[in-house]
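One structure is given here, and the rest of the page talks about it.
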Amino acid sequence: MERVFTDHLGDWKRGCCCGEPRTDGVGRELTLMGWAQTRRDHGGLIFVDLRDRTGIVQVVFNPEVSQAAHEKAKQIRSEDVLSVRGLLVRRPPETVNPGIATGEVELVVRDVRLLNASQVPPFPIEDETDANENTRLKYRYLDLRRPQSLAHLLLRYRMTKKIRDYLDGHGFVEVETPVLTKSTPEGARDYLVPSRIYPGKFYALPQSPQLFKQILMVGGLDRYFQIVRCFRDEDLRADRQPEFTQLDMEMSFVQPEDVLEVVEGLMTLLFKELKGIELRRPFPRMSWEEAMSRYGTDKPDLRFGLKLVDFSLAFKGSQVKVFSGVIERGGVVKGIRVSGGGIFSRKELDDLTTFVGQYGAKGLAWIKMADGEWQSPIAKFLSEKERSEILELTEANSGDIIFFVADESKVVHESLANLRLHLGERLGLISEKDYSLVWVVDFPLLEYDAEEKRYISVHHPFTAPLEKDLDLLEKEPLRVGSKAYDLVLNGVEVGGGSVRIHQPDLQKRILGLLGIGPEEAEEKFGFFLEALGFGAPPHGGIAFGIDRMAMILSGARSLRDVIAFPKSQRAVCLLTDAPSSVDAKQLKELGIKTVD
RNA sequence: GGGGUCGUAGUUCAGCUGGUUAGAACGCCGGCCUGUCACGCCGGAGGUCGCGAGUUCGAGUCUCGUCGGCCCCGCCA
């Protein structure tokens, strides 16, 4: 049976929000509007919890007060929209509800307008929902009514508001850059937009406004920022959406330290205002080299220990052939000591082996340190010297376990970095209330891509090399340092940036090293190189993942929780069902034919 | 592109080694109820077991395929 409500607001105006009434308003006539959370019908009295984003207030329908309103209230169901008018009264003392902010008062309804009926909601609108995510995303508007969803969006809004205020106070100007722009090589796959006016040609949606913000510096803007949507057509993860929001910043006449200083001020403010946490400045700095060697990653989570230990020297020429063999081939042997890890069962060790296998490790060796005895498949191959070196390097005690991975360094680092996180989480070493911010600095400029057989940028092609390394560029490119920096929060790269190349000759040299010759450079970046040639000032900046920041600061598990209308893992909007087919006529106009 | 996991009533789940009519809770519908706030009490409805093949006398259960959600690898300068 379809329920239809036909009342309109008419001349009623909302007096206050549902979460606001207090005892000081008792005796006043009030008009409230909102959604019916629940109805409790006692036959005589009917109670309705009226909800809006500010909270919940109880409204009472008493037939002795208004027969007509009471009669209408019988129709009310969950999530119906209504407006009520009546007298705010103090509740009888024994009926006060200390569980809600408005619990000392209630509205005695004299008149009600039923504004819109709701279908039966597929899941209850409660803070703790156990509804599946696909149901929640399909009915996102219902999910957003949950206080927790709202809290995520509010925190996000407060964050971007503080950012704008702070940067405004520091001389930054927010400038919008194009969404329809030019596809450039390097980086992620582009989202393309066909041009109707130029059939066969395409705009690309920006992966970031990188070149535009640099050109704004050439334009003399001096200090720019933008809170801007970016697009990357790659597969999704819990912390990756195809469209996401960056805080993009750029400053003129700066060295890395100047950028770091502005950012630290901003972060300190955000943590203080949003979380009540006083961060100590300056933030710790860690070289890329140290991050890789001690944590196996360029985004170390410093909230717990379990640092990597290098055994490569200790196992050179070892009887443990899987170790010595790897070392002979130029690989490394590294490991992690876990205090009290001796309790891991065989099954757990097998699971951990499978776990590191995801990252390419061919095995996970281990030694359990028991009193006077080393339990391990490799124990009998260990020499006395190796044993003492292991002890010295790990400072292991009885009851501990040491894990080893031997392979090429990339595999060892990725395996152990992820094993470290996995163990840290599983052993409860990570406090939810801790926040660790660290700058990772001194990145190399280039790395070698074995698959493409060429150098690629560690950061991006516009990052400036260290001046002292300029001579090495053509001779030993891999030893050239860069002016890049990342800000890492709890093991998540929340921001990354660099001081840029501002001279066209140097920019061309770097592009050349990346295998982009003068012709291609001219075609893809000609406009940019030309701009650099008209007096580009030294400049640098940084970009932050707003979604990731919001996720961490609100304690959400997924980026989807802090985005109003996120995409599913298959990049589908479950609410609108995008992407979808289009009319043949639209395709024809664009000069596009699809292949099946 | 690959690996894992899940898919049963509106929702969250149970359903054993394949075996009569697929269950529970919440929600929903009807009735009663003037101090509830997860109201209570009585009664009731509600299922293409994601979809399609296969094995079998017999499939929610086993096999294969397929679609979808989530997690991960690859990918993400």
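Fair warning: this is a prediction, and the values are worked out from it, not measured in the lab. Just so it is clear: chains get the letters A, B, ... in the order the sequence lines come, proteins before strands, and each one is counted from 1. Computation of the quantities below employed the complete heavy-atom set of this structure, encompassing side-chain atoms and omitting hydrogens, waters and symmetry-equivalent molecules.
A straight line from CZ of A:R570 to C1' of B:rG1 spans 12 Å, rounded to a whole angstrom. Spacing between atom CZ of A:R77 and atom P of B:rG27 amounts to 13 Å, rounded to whole angstrom units. Separating the CD atom of A:E64 from the C1' atom of B:rU34 is a distance of 8 Å, rounded to the nearest angstrom. One can place CD1 of A:I76 at 17 Å from C1' of B:rC28, the figure rounded to the nearest angstrom. Distance, A:E451 CD to B:rA77 C1': 15 Å, rounded to whole Å. Taking atom CG on A:D41 and atom P on B:rG31, their separation rounds to 10 Å, with Å as the unit. For A:E414 and B:rC76, the CD to P distance is 12 Å, given to the nearest whole Å. Atom CZ of A:R39 is separated from atom P of B:rA38 by 16 Å (rounded to the nearest Å).
When the nucleotides B:rC70, B:rC75, B:rA77 are ranked by their closest atom to the side chain of A:I456, B:rA77 comes out on top. Closest contact between the side chain of A:P63 and the listed nucleotides B:rC76, B:rC72, B:rU34 involves B:rU34.
Listed by chain and number, the residues in a side-chain hydrogen bond (donor to acceptor under 3.5 Å, both in side chains) with A:S581 amount to none (sequence neighbours excluded).
A close approach under 4.0 Å does not occur between any side-chain nitrogen or oxygen of A:Q207 and OP1 or OP2 of B:rC76. Distances shorter than 4.0 Å separate none of the side-chain N or O atoms of A:S78 from OP1 or OP2 on B:rG27. Distances shorter than 4.0 Å separate some side-chain N or O of A:R40 from OP1 or OP2 on B:rC39. Taking only side-chain nitrogens and oxygens, A:S568 comes nearer than 4.0 Å to OP1 or OP2 of B:rG69.
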* To do: List the steps and the verdict of salt bridge (Lys or Arg N to Asp or Glu O under 4.0 Å) for A:D111 and A:R85.
  => CA-CA 5 Å; A:D111 198 0; A:R85 184 171 266 190; over 6 Å; no

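A:K483 and A:D469 are not joined by a salt bridge, as no carboxylate oxygen comes within less than 4.0 angstrom of a charged side-chain nitrogen. Here A:R145 pairs with A:E79 in a salt bridge; the nearest charged N to carboxylate O distance falls below 4.0 Å. A salt bridge links A:D351 with A:K347: the closest approach of a Lys/Arg side-chain nitrogen to an acidic carboxylate oxygen falls below 4.0 angstrom. For A:E104 and A:R91, the salt-bridge test fails: no basic side-chain N is under 4.0 Å from an acidic carboxylate O. Remark: A:E408 does not engage A:K410 in a salt bridge, criterion side-chain N to carboxylate O under 4.0 Å.
Residues A:Y485 and A:F443 place their aromatic rings such that the two centres sit no closer than 6.0 Å. For an aromatic pair to be called close, the ring centres must be under 6.0 Å apart, and A:H42 with A:F47 satisfies this.
For residues 46-58 of chain A, proximity to RNA chain B is found at A:F47, A:D49, A:Q58, defined as any non-hydrogen atom under 4.0 angstrom from a strand atom.
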* To do: If a protein heavy atom is under 4.0 Å from the base, mark B; if only from the sugar-phosphate, S; if neither, -; do that for nucleotides 6-14 of chain B going 5' to 3'.
  => ----SSS--

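B:rG40 and B:rG27: their P atoms are spaced 8 Å apart (whole Å). B:rG46 sits 13 Å from B:rA22 when the C1' atoms are compared, rounded to a whole Å. Taking atom C1' on both nucleotides, B:rU34 is separated from B:rU12 by 34 Å, rounded to a whole Å. Spacing between B:rG23 and B:rC41 at atom C1', rounded to whole Å, works out to 24 Å. With P as the reference atom, B:rC71 and B:rC26 are 31 Å apart, rounded to whole Å. Across B:rG30 and B:rG69, the matching P atoms stand 36 Å from one another, rounded to whole Å. When the P atom is used for both B:rG3 and B:rU66, the distance is 11 Å, rounded to whole Å. The same atom, P, is picked in B:rC13 and in B:rC6; the two are 12 Å apart, to the nearest Å.
Surrounding OH of A:Y139 are at most 12 heavy atoms belonging to other residues, nucleotides or ligands under 6.0 Å away.
Summarising the base pairing, B:rA45 is matched to no nucleotide, lacking a Watson-Crick or G-U wobble pair whose two defining distances lie under 3.5 Å. Shown here, B:rG27 forms no base pair; nothing in the strands shown gives a Watson-Crick or G-U wobble contact with both key distances under 3.5 Å. Pairing for B:rU21 is absent, with no Watson-Crick or G-U wobble pair whose two atom distances lie under 3.5 Å. Nucleotide B:rC62 has B:rG54 as its partner under the Watson-Crick or G-U criteria, with both atom distances under 3.5 Å. The nucleotide B:rG68 finds its pairing partner in B:rC6, both defining distances of the Watson-Crick or G-U wobble pair being shorter than 3.5 Å.
Within the 4.0 angstrom heavy-atom criterion, no nucleotide atom of any strand lies near A:T463. Among the heavy atoms of the strands, none lies under 4.0 Å from A:D233. Among the protein residues, A:S208 comes within range of the nucleic acid bases, having at least one heavy atom under 4.0 Å from a base atom. At a threshold of 4.0 angstrom between heavy atoms, the contacts of A:R560 are confined to the sugar-phosphate backbone, with no base atom among them. Backbone-only contact: A:V458 has heavy atoms under 4.0 Å from sugar-phosphate atoms and none from a base. At a threshold of 4.0 angstrom between heavy atoms, the contacts of A:E94 with the nucleic acid are absent.
Per the stacking criterion (ring centres < 5.5 Å, plane angle < 30°), A:H42 does not stack onto the base of B:rU36.
On a pure distance criterion of 3.5 Å, a polar donor-acceptor pair joins the side chain of A:R91 and the base of B:rC37. For A:E106 and B:rG35, a side-chain-to-base donor-acceptor distance below 3.5 Å is present, hydrogens and geometry of angles not being considered. Side chain A:R240 to base B:rC75: a donor-acceptor pair is found below 3.5 Å.
The shortest side-chain heavy-atom distance between A:D239 and A:R548 falls under the 4.5 Å cut-off.
Checking A:R232 against A:N97, the closest nucleotide of RNA chain B that is more toward the 5' end is the one next to A:N97.
Under 3.5 Å, the side chains of A:Q214 and A:Q210 contain a donor-acceptor pair of N or O atoms.
The aromatic rings of A:H460 and A:F462 lie tilted to each other, with the angle between the two planes from 30° to 60°.
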